[in-house]
Amino acid sequence: MNISLALIGLSLHILIWEKLPDWGNWFNWIVEHLPRPFRYLYDSWSCPYCFGFWVALLLHALTSTYTLESLQHMPNYLGVMSQPVAWVLDSLATALLIMVGSLGLKALAVPAIKGHEMTQAFRSARKEKK
């Protein structure tokens, strides 16, 4: 299994939906001024699985990389449909990895943030005693 596409897709998802909206008003201004169909896509694709599927299809086209190498060699009886079927199946698997990665990072973030807050409170309490 090659997780390159899933890592790239997860990185793009985090950048577009979790980081860029907080990096100033310029990105939000761009999204607000997009034509209505593109704004709808931005709102609809915030789901890591949905976004992951479409970005995996795009990355397949750009890189010819597969998450599941076994899908590179589809049966001959599929003929010209073998490539599109392989891309769709592999994109579904990649989207699942992107979704699991997103959920995993969110699950790790809560205890990490809580631990950081506790450390900061401990340090400030020690400074006040001195």
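Numbering of residues begins at 1 and proceeds along the displayed sequence.
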Checklist outcome for this item: In this structure, CG of L68 is separated from CG of L97 (nearest 0.5 Å) by 8.0 Å

Checklist entry - For the side chain of W87 and the backbone of Y66, is there at least one donor-acceptor N/O pair under 3.5 Å apart? => result no

Checklist outcome for this item: Tightest non-hydrogen contact, residues T63 and L59, listed as OG1-O, 2.6 Å

Checklist entry - Any side-chain heavy-atom pair from L20 and V31 closer than 4.5 angstrom? => result no

Item to check | Derivation of the side chain to side chain contact (heavy atoms under 4.5 Å, CB included) call for I14 and L105 | outcome: CA-CA 10 Å; I14 290 170; L105 288 175; 3.6 Å; yes

Checklist entry - How many angstroms lie between atom CG of L41 and atom SG of C50, to the nearest 0.5 angstrom? => result 11.0 Å

Checklist entry - So, do L103 and Y49 sit near enough that their side-chain heavy atoms are less than 4.5 Å apart? => result no

Checklist entry - OG1/T94 to CG/L10 distance, rounded to the nearest 0.5 angstrom? => result 12.0 Å

Next on the checklist: Counting neighbours of CG on N76 that are heavy atoms of other residues, nucleotides or ligands and sit closer than 6.0 Å, is the number greater than 12?
Outcome noted: no

Checklist entry - Relative to the ring of W17, is the ring of Y42 parallel (under 30°), tilted (30 to 60°) or perpendicular (over 60°)? => result parallel

Checklist entry - Is I30 reachable from L12 through a run of I, L, V, M, F, W or Y residues, each pair having side-chain heavy atoms under 4.5 Å apart? => result yes

Checklist entry - S102 side chain to I98 main-chain N or O, any donor-acceptor pair under 3.5 Å? => result no

Item to check | Hphob cluster co-occupancy, I8 + W54, side-chain heavy atoms under 4.5 angstrom | outcome: yes

Checklist entry - Looking only at heavy atoms, which two atoms of A121 and S124 are closest? And how far apart? => result O-OG, 3.0 Å

Next on the checklist: To the nearest 0.5 Å, what is the distance between OG1 on T65 and NE2 on H60?
Outcome noted: 8.5 Å

Next on the checklist: Using every non-hydrogen atom in the two residues, find where M74 and A86 come nearest and quote the distance to one decimal.
Outcome noted: CG-CB, 3.6 Å

Checklist entry - Between SG of C47 and NE2 of H13, what distance do you get to the nearest 0.5 Å? => result 7.0 Å

Checklist entry - What about W26 and I16, same hydrophobic cluster or not, with Ile/Leu/Val/Met/Phe/Trp/Tyr joined at side-chain heavy-atom distances under 4.5 Å? => result yes

Next on the checklist: For the CG atom of L108 and the NZ atom of K106, what is their distance to the nearest 0.5 Å?
Outcome noted: 12.5 Å

Next on the checklist: Within a 6.0 Å radius of atom CZ on F27, are there more than 12 heavy atoms belonging to other residues, nucleotides or ligands?
Outcome noted: yes

Next on the checklist: I'd like to know if L62 and L5 are part of one continuous hydrophobic network [Ile/Leu/Val/Met/Phe/Trp/Tyr, side-chain heavy atoms within less than 4.5 Å].
Outcome noted: no

Item to check | Side-chain heavy-atom pair W45, V55 within 4.5 angstrom cut-off | outcome: no

Next on the checklist: I'd like to know whether Y40 forms a side chain to side chain contact (heavy atoms under 4.5 Å, CB included) with L34, so could you lay out the CA-CA distance, the side-chain angles of the two residues, the decisive distance to 0.1 Å, and finally the verdict.
Outcome noted: CA-CA 9 Å; Y40 173 77; L34 287 173; over 6 Å; no

